[in-house]
There are 2 protein chains.
Amino acid sequence: MAKVQTKASLTQSAEQRSQRRQKIVETASKLFAQLGYADCDMDRLAAKLRVAKGTIYLYVASKEELFLACVDWGMSQMQLAVREAAEMTDDPFERIARAIRAYLTFFSEHPQYVELIIQERAIFKNRKRPTYFEYRDAARVQWRAFYQDLINKGRLRSDINVDSLLDTMGNLVYGTMFTNHFLGNRSIEEQQQTMLDIVFRGMLSDRERRAK
Amino acid sequence: MAKVQTKASLTQSAEQRSQRRQKIVETASKLFAQLGYADCDMDRLAAKLRVAKGTIYLYVASKEELFLACVDWGMSQMQLAVREAAEMTDDPFERIARAIRAYLTFFSEHPQYVELIIQERAIFKNRKRPTYFEYRDAARVQWRAFYQDLINKGRLRSDINVDSLLDTMGNLVYGTMFTNHFLGNRSIEEQQQTMLDIVFRGMLSDRERRAK
DNA sequence: TGTTAATGACTGACTGGTCAGTCACACTAT
DNA sequence: ATAGTGTGACTGACCAGTCAGTCATTAACA
């Protein structure tokens, strides 16, 4: 039908539409992060985008929907960065190290997404399970198999429960991500080194270890 | 002057005043935690307290001031619980274990304060340094000396930087506190056991440790 | 003891300001 | 001409904080 072609030339293509929406999402991410959900009003976002407020609503159903789209976009980017970094090597311990490094680096380079995680939990706590944990759970299945394999091969201690181990690692990087963001961090490289050293080898001295 | 005595009997004592304020703070803590800062409007808080809205403003300067008082109260209670638990023993490793256990237990039993930490960061991010970190920094001085002493005595590894060690421990318990709160946790006891086991002894198997 | 006055804790309807979302109209490209 | 895209003034809901007024209690006095 000619109508389809006509429409295609008259209308912005689906491609164009999603590009504009994406532009809105990325600008909103930064503004939400900078001002907080409540103080980031739609008029302000419109001004930043050099567009009228009504235009935003052509691409977005509501402020809430927009915000959640921002969080989701950020988390998917994060997951991508971590996965890519992990796949760069086959050595299992190096893989763990790279994944952690990529995770912390991502949030260090895109601090707006740390803010969005916090905002989401603070404001939509009764409406939505935190997106961060959705992504975390999805990735966990594979990491669990990965760690279990290392235990089976005798490379990790067999007297530690895999799930508790995963929890501990997860909690450590999660806490580190937040404090890095809140307090800043001079040397992210040294920090990661120490962190990995401790979880791999423990903080006890050799003497103390033998004594126990 | 007789007037002073008269006034003393008419007026509520300073004691009474601070008790009422405390009642407001504690009720507000739970309501802020349950509904979030924005959805917890002062009318609702007044209803919960079975008091008129105006009355609250006799004890509190503003919603913001009230909220910050809630956070501060919570953190001071937390610090108290941790300090008391740590002082129950002289064995240094047991002291670390007890402090961590008290910390996690406190937030598990008073989940409203986890919410307040999040809300504070989300809503007052540009106005106030998080109260949590104020308290954390205050306590850090003593923990630093404590860990340094253990290193000097050869009970902890001397090749790890004290500050990085403190950071790692802090990040781990911080992250654990949050995820416990968000996801709930079946066995807080087993979790703490694993966590301590890992930071003390590491997750590498003996074989792998020797190989490195 | 009974009556009136003073006190101050408490009340809740009201105000002023904010802001998400709407819609009638304008513009543009074909 | 007309369909699609953009506009921004407007509306209605919401809520922090206020303040003129109420009421219970105690003091003062006859």
Side-chain angles (χ1 to χ4, degrees), chain A residues 1-25 27-28 31-32 34-70 119 123-124 127, chain B residues 1-25 27-28 31-32 34-70 119 123-124 127:
Chain A
M1 283 184 284
K3 197 183 178 186
V4 173
Q5 281 189 346
T6 301
K7 200 176 178 186
S9 58
L10 275 178
T11 314
Q12 29 171 222
S13 64
E15 176 67 16
Q16 271 179 325
R17 245 193 96 74
S18 83
Q19 264 181 18
R20 292 205 190 164
R21 187 182 144 97
Q22 187 54 35
K23 174 76 181 161
I24 293 173
V25 167
T27 306
L31 217 56
F32 277 134
Q34 186 191 329
L35 305 169
Y37 184 79
D39 289 345
C40 172
D41 52 273
M42 298 300 272
D43 287 298
R44 201 152 175 179
L45 175 58
K48 186 111 179 178
L49 283 162
R50 295 174 158 282
V51 139
K53 186 156 69 158
T55 306
I56 296 175
Y57 283 93
L58 295 175
Y59 295 90
V60 143
S62 67
K63 188 183 181 185
E64 178 167 337
E65 189 261 331
L66 170 59
F67 178 84
L68 295 177
C70 293
Q119 298 277 330
I123 293 151
F124 301 107
R127 276 175 267 182
Chain B
M1 283 186 286
K3 199 182 176 187
V4 173
Q5 283 188 344
T6 300
K7 198 176 179 188
S9 59
L10 272 178
T11 313
Q12 39 174 214
S13 64
E15 176 67 17
Q16 271 179 323
R17 244 194 96 74
S18 83
Q19 266 181 20
R20 294 206 189 162
R21 189 183 142 97
Q22 187 54 33
K23 173 77 180 163
I24 293 173
V25 166
T27 306
L31 217 56
F32 278 134
Q34 187 190 329
L35 305 169
Y37 185 80
D39 290 344
C40 173
D41 52 274
M42 298 300 271
D43 288 297
R44 201 151 174 180
L45 174 58
K48 186 110 178 178
L49 283 162
R50 296 175 158 283
V51 140
K53 186 156 68 158
T55 307
I56 296 175
Y57 283 94
L58 296 175
Y59 296 91
V60 142
S62 67
K63 188 182 180 184
E64 178 167 336
E65 189 261 330
L66 171 59
F67 178 84
L68 294 177
C70 292
Q119 298 278 330
I123 294 152
F124 301 106
R127 275 176 269 181

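All chains are named by letter (A, B, ...) in the order of the sequence lines, taking the proteins before the strands, and each is independently numbered beginning at 1.
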- prompt: Judged by atom type as modelled, is there a donor-acceptor pair below 3.5 Å linking the side chain of Lys53(A) to the main-chain atoms of Leu45(A)?
  reply: no
task: Over 60° means perpendicular and under 30° means parallel, so classify the ring planes of Tyr37(A) and Phe124(A), tilted if in between.
output: perpendicular
field: Audit row: Leu58(A), Arg20(A), side-chain contact (heavy atoms from CB on, under 4.5 Å) steps and yes/no
entry: CA-CA 10 Å; Leu58(A) 295 175; Arg20(A) 292 205 190 164; over 6 Å; no
Expressed in angstrom and rounded to an integer, what is the separation of [X] atom [atom1] from [N] atom [atom2]?
| X | N | atom1 | atom2 | result |
| --- | --- | --- | --- | --- |
| Asp41(A) | dG21(C) | CG | P | 12 Å |
| Leu58(B) | dT18(D) | CG | C1' | 11 Å |
| Arg44(A) | dG8(D) | CZ | P | 19 Å |
| Arg50(B) | dG12(C) | CZ | P | 12 Å |
| Tyr57(A) | dG8(D) | OH | C1' | 13 Å |
| Leu49(A) | dG6(D) | CG | P | 12 Å |
| Asp43(B) | dC14(C) | CG | P | 14 Å |
| Arg21(B) | dC10(C) | CZ | P | 15 Å |

statement: Taking every heavy atom of Cys70(B) against every heavy atom of Val25(B), the minimum-distance pair comes out as SG-O, 3.3 Å
message: Measuring to OP1 and OP2 of dT5(D), would you say a side-chain N or O of Arg20(A) lies under 4.0 angstrom away?
response: no
Give me, pair by pair, the N or O atoms of the protein and of nucleotides 11-14 of chain D that are less than 3.5 Å apart, along with how far apart they are.
none

- request: Answer yes or no: is there a side-chain heavy-atom contact under 4.5 Å between Phe32(A) and Gln119(A)?
  value: no
message: By the definition side-chain hydrogen bond (donor to acceptor under 3.5 Å, both in side chains), identify the one residue from Gln22(B), Arg21(B), Glu15(B) that meets it with Gln19(B).
response: Glu15(B)
- prompt: At under 4.0 Å between heavy atoms, what does Lys53(A) touch on the DNA or RNA strands: base, sugar-phosphate, or nothing?
  reply: base
